[in-house]
Amino acid sequence: MIELVYVPILAALLLAGFSGYHTWRQLPVSWLLLGGLAVLELMMIIQLMACAIGLANSDRAIDGLIFVGYLIGCVIVLPIATLWGLSDKSRWGTGVITIGLLTVTILCLRVMSIWVEGGAA
């Protein structure tokens, strides 16, 4: 179940690089970047549902509130960063999106570590 987290992490890092390139070149948010963000958001929603179901069917020693909180954080950070980035017409609009993507990556890594630590107990 937790293997699902690797795909969004890789996608978020690739999109962060693409968004960082936009920031460096002072380019506005492109349709390709927006499409990638939409696909990643769909991945985050699927991850939330799959991990929540996995938690409900697991006997792991995991604090469910913290685990689900990180999962919800993964889902809400990206739309907030995207809306903020679209509203800022300077080069830093894509910079905000890049930071949002890196934040999603860190949150996904934390979800993974909580799941692994819960199995060790």
K.L.:
Roughly how far, to the nearest 0.5 Å, is the CE atom of M44 from the CD1 atom of I72?
P.N.:
13.5 Å
K.L.:
Show the nearest heavy-atom pair for residues A81 and I97, with the distance to one decimal.
P.N.:
O-CG1, 3.7 Å
K.L.:
Any chance you could measure Y6, atom OH, to C108, atom SG, to the nearest 0.5 Å?
P.N.:
12.0 Å
K.L.:
Tell me whether I106 is reachable from V5 by hopping between hydrophobic residues (I, L, V, M, F, W, Y) whose side-chain heavy atoms are closer than 4.5 Å.
P.N.:
no
K.L.:
Among the clusters formed by ILVMFWY side chains lying less than 4.5 Å apart, do I9 and L102 turn up in the same one?
P.N.:
yes
K.L.:
How far does CG of L101 sit from CG of L15, to the nearest 0.5 angstrom?
P.N.:
5.5 Å
K.L.:
Where do V75 and E41 come nearest, in terms of heavy atoms and distance?
P.N.:
O-OE2, 2.8 Å
K.L.:
I'd like to check L78 versus T103 (side-chain heavy atoms, cut-off strictly below 4.5 Å). Are they in contact?
P.N.:
no
K.L.:
For T23 versus G95, what's the shortest heavy-atom pair and its separation?
P.N.:
OG1-N, 3.0 Å
K.L.:
Honestly curious: do I62 and M49 fall in one hydrophobic cluster under the side-chain, below-4.5 Å linking rule?
P.N.:
yes
K.L.:
Which of parallel (below 30°), tilted (30 to 60°) and perpendicular (above 60°) describes Y21 and W24?
P.N.:
tilted
K.L.:
Do D63 and I114 come close enough that some side-chain heavy atom pair is under 4.5 Å?
P.N.:
no
K.L.:
Does T94 offer a backbone N or O that forms a donor-acceptor pair with the side chain of T98 under 3.5 Å?
P.N.:
yes
K.L.:
Please check if V29 and V104 belong to a single hydrophobic cluster, counting links between Ile, Leu, Val, Met, Phe, Trp and Tyr side chain heavy atoms closer than 4.5 Å.
P.N.:
yes
K.L.:
Between R110 and Y70, is there a donor-acceptor pair closer than 3.5 Å when you use the side chain of the first and the backbone of the second?
P.N.:
no
K.L.:
Specify the closest pair of heavy atoms between P28 and H22, including all atoms of both residues, with the distance to one decimal.
P.N.:
O-CD2, 3.1 Å
K.L.:
Do you know which two heavy atoms are closest between Q47 and C74, and how far apart they sit?
P.N.:
NE2-SG, 4.0 Å
K.L.:
Please name the pair of heavy atoms, one in G54 and one in W115, separated by the smallest distance, quoted to 0.1 Å.
P.N.:
O-CH2, 3.7 Å
K.L.:
Looking at CG of L40 and CG of L10, how far apart are the two atoms once the value is rounded to the nearest 0.5 Å?
P.N.:
10.5 Å
K.L.:
Taking a hydrophobic cluster as the set of Ile, Leu, Val, Met, Phe, Trp and Tyr residues connected by side-chain heavy atoms closer than 4.5 Å, whether directly or through intermediates, do M43 and V68 fall within one such cluster?
P.N.:
yes
K.L.:
Rounded to the nearest 0.5 Å, what separates atom CD1 in I76 from atom CG in L71?
P.N.:
11.5 Å
